[in-house]
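Worksheet for the structure shown next.
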Amino acid sequence: MKFKVANRDQNSKARAGIITTDHGRIETPIFMPVGTGATVKAIHYKDLEEQVQPDIILGNTYHLYQRPGMDILRKAGGIHRFMSWEQPVLTDSGGYQVYSLTERRKITQEGVTFQSHIDGSRHFFTPEKVIDIQRDIGADIIMAFDECTPYPCDYQYASKSMKLTHDWLERCCTHFDNTEGHYGYSQSLFPIVQGSTYKDLREASARFVSDCNRAGNAIGGLSVGEPAEVMYEMTELVCDILPEDKARYLMGVGTPVNILECIALGVDMFDCVMPTRNARNGMLFTREGIINIRNKKWETDFSPIDPEGDTFADQRYSKAYLRHLFVSGEMLGPMLATIHNLRFYMWLVKEARNRIEKGQFAAWKHTMCARLAQRL
RNA sequence: GGGGGAGUUCCAGAGCGGUCAAAUGGGGCAGACUGUAAAUCUGUUGGCUUUCGCCUUCGGAGGUUCGAAUCCUUCCUCCCCCA
């Protein structure tokens, strides 16, 4: 994997770049739809490819390890062939599950024991095993095993956890360097900065991660409930330390506003379940603001779902119809909303890139952020 | 014609003398969702005040009682069985 900065914004730290992988090019800033279990939920691949057109999607180590399991993924020839997706894939390491499945796991210096949310069976994840699993899955970009700390998190715990993540990172790097991908294309390992909301920890972690000298670097442990301002502060601090010539990936972020604000701080890659999950729950993100399509106010609004959207979902169906689908519990509702939201997120980052190239990003961001957060 | 059963807040359906503005489910209305245990979850759902509280409400009317959705009388409506 290679990364090259192509353009920089004059009035912010935003940059436009290009990532090259064996499965294709990724133009940054980029949003990566989340496809945890080898599928982006509620959308057909035809629509994902033809309507949404993402450059790269995510998978998840913990979930794919549980189902379908490594035997099947190896036999399938890796995640791309298994799910019929020939573009780049990034897999998260399971570090987020250390946070989200906190009641079902136990951390030790050696690794994490998860109790499966599916059948209750216990599975021990070490940094080495997580690398092995991600080798088997075969994503183009794989993540180091980390502990995503919760918010709030006391300093002592955050410090201890960061050191653990650093220890695991060294083990991940060593094991990664001593192994190879199985499917004939290259994989890249991204380390993850932790340190909760503490500046000194974030600084130390950003330096530690930078010293790993990997193809790209990630910022984790944010967007876990802390105020947006805190998230921006930590992101800026870390971005200023991470090397300029490496891609920066802010994990799990975020709202459209979060994304624009963090592009301005120098982040290149984002992922978030928000456009897909919230779509399934009836929330639409648009250029004008947020729509709760279940609200009564849309009952007789026969205008297109998004007059400015360029997918068939946006143009062909009305808000009133989409509301009807949601109110009726019809699965087409979540499907159409997912197409819309993902395409909107893709538009958002593409437009950000255009504005960066034209040197207009900062001003554009300013007007957009005021609009995007409005409730319609 | 004879016998039996039922009518409860938007719907279905509990309650069967006071702790009932009335369980529960559905529906309605609104909210949450950030490296996905989520097509999930939460709140609210008679009116007025909104702290206390007050008013109207359990088919209609009347009655018993300190007190009734709950007991009695009567009327209306609906359902089932037998002829």
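Letters A, B, ... are given to chains in the order of the sequence lines, protein chains preceding strands, and every chain is numbered from 1.
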Exercise for the section: Name the nucleic acid region contacted by A:I118, choosing base, sugar-phosphate or nothing; use a 4.0 angstrom heavy-atom cut-off, strictly under. Expected result: nothing
Practice task
Using a 4.0 Å heavy-atom cut-off across all strands, classify A:Q194 as base, sugar-phosphate, or nothing.
Solution key: base
Fill in the blank from the handout: Taking a pair to mean Watson-Crick or G-U wobble geometry with both distances below 3.5 Å, B:U42 pairs with B:A30
Problem - Inter-nucleotide C1' distance (B:U9, B:A21), Å rounded - result: 8 Å
Problem - RNA chain B contacts among residues 263-282 of chain A, heavy-atom distance under 4.0 Å - result: A:D271, A:C272, A:V273, A:M274, A:T276, A:R277, A:N278, A:R280, A:N281
Handout entry: B:G59 and B:A69, which share atom name P, separated by this distance in whole Å
Key = 10 Å
Exercise for the section: Check whether the ring centres of A:H340 and A:F285 lie less than 6.0 Å apart, and answer yes or no. Expected result: no
Practice task
Could you tell me whether A:N258 contacts a base, only the sugar-phosphate backbone, or nothing, with contacts defined as non-hydrogen atoms closer than 4.0 Å?
Solution key: base
Handout entry: Euclidean distance for P, B:G60 against B:U8 (whole angstrom)
Key = 10 Å
Exercise for the section: Would you grab the first and last nucleotide of RNA chain B (5' to 3') that comes under 4.0 Å of any non-hydrogen atom in chain A? Expected result: B:G28 to B:U40
Exercise for the section: Between B:G35 and B:G31, how far apart are the C1' atoms? Round to whole Å, please. Expected result: 25 Å
Handout entry: Sub-4.5 Å side-chain heavy-atom contact between A:C173 and A:L189
Key = yes
Exercise for the section: Answer yes if the ring centres of A:F31 and A:F270 are under 6.0 angstrom apart, and no otherwise. Expected result: no
Practice task
Salt-bridge test for A:K199 and A:E203: reply yes if a basic N is under 4.0 Å from a carboxylate O, no otherwise.
Solution key: no
Practice task
Could you tell me whether A:M331 atom CE has more than 12 heavy atoms of other residues or ligands within 6.0 Å of it?
Solution key: no
Problem - Span that lies between the P atom of B:C48 and that of B:G43, in whole angstrom - result: 23 Å
Practice task
For residues A:Y96 and A:Y62, establish whether the separation of their ring centroids is below 6.0 Å.
Solution key: no
Exercise for the section: Kindly assign one of parallel, tilted or perpendicular to the pair A:H23 and A:H80, based on the angle between their ring planes and the thresholds 30° and 60°. Expected result: parallel
Problem - Check: A:Y317 ring centre within less than 6.0 Å of A:H324 ring centre - result: no
Practice task
Please give the nucleotide sitting opposite B:U77 as a Watson-Crick or G-U wobble pair, both distances under 3.5 Å, or none.
Solution key: B:A6
Handout entry: P atoms of B:C82 and B:A12, separation to the nearest Å
Key = 27 Å
Exercise for the section: Please measure how far the C1' atom in B:U64 lies from the corresponding atom in B:U70, and state the result in whole Å. Expected result: 13 Å
Handout entry: Same-atom distance (P) from B:G15 to B:G7, integer angstrom
Key = 10 Å
Exercise for the section: Indicate if A:Y45 and A:F82 have the same hydrophobic cluster label, given that clusters are the connected sets of ILVMFWY residues with side-chain heavy-atom separations under 4.5 angstrom. Expected result: yes
Practice task
Report which part of the nucleic acid A:G37 touches: base, sugar-phosphate, or nothing (heavy-atom distance under 4.0 Å, all strands).
Solution key: nothing
Exercise for the section: Using a 4.0 Å heavy-atom cut-off across all strands, classify A:R67 as base, sugar-phosphate, or nothing. Expected result: nothing
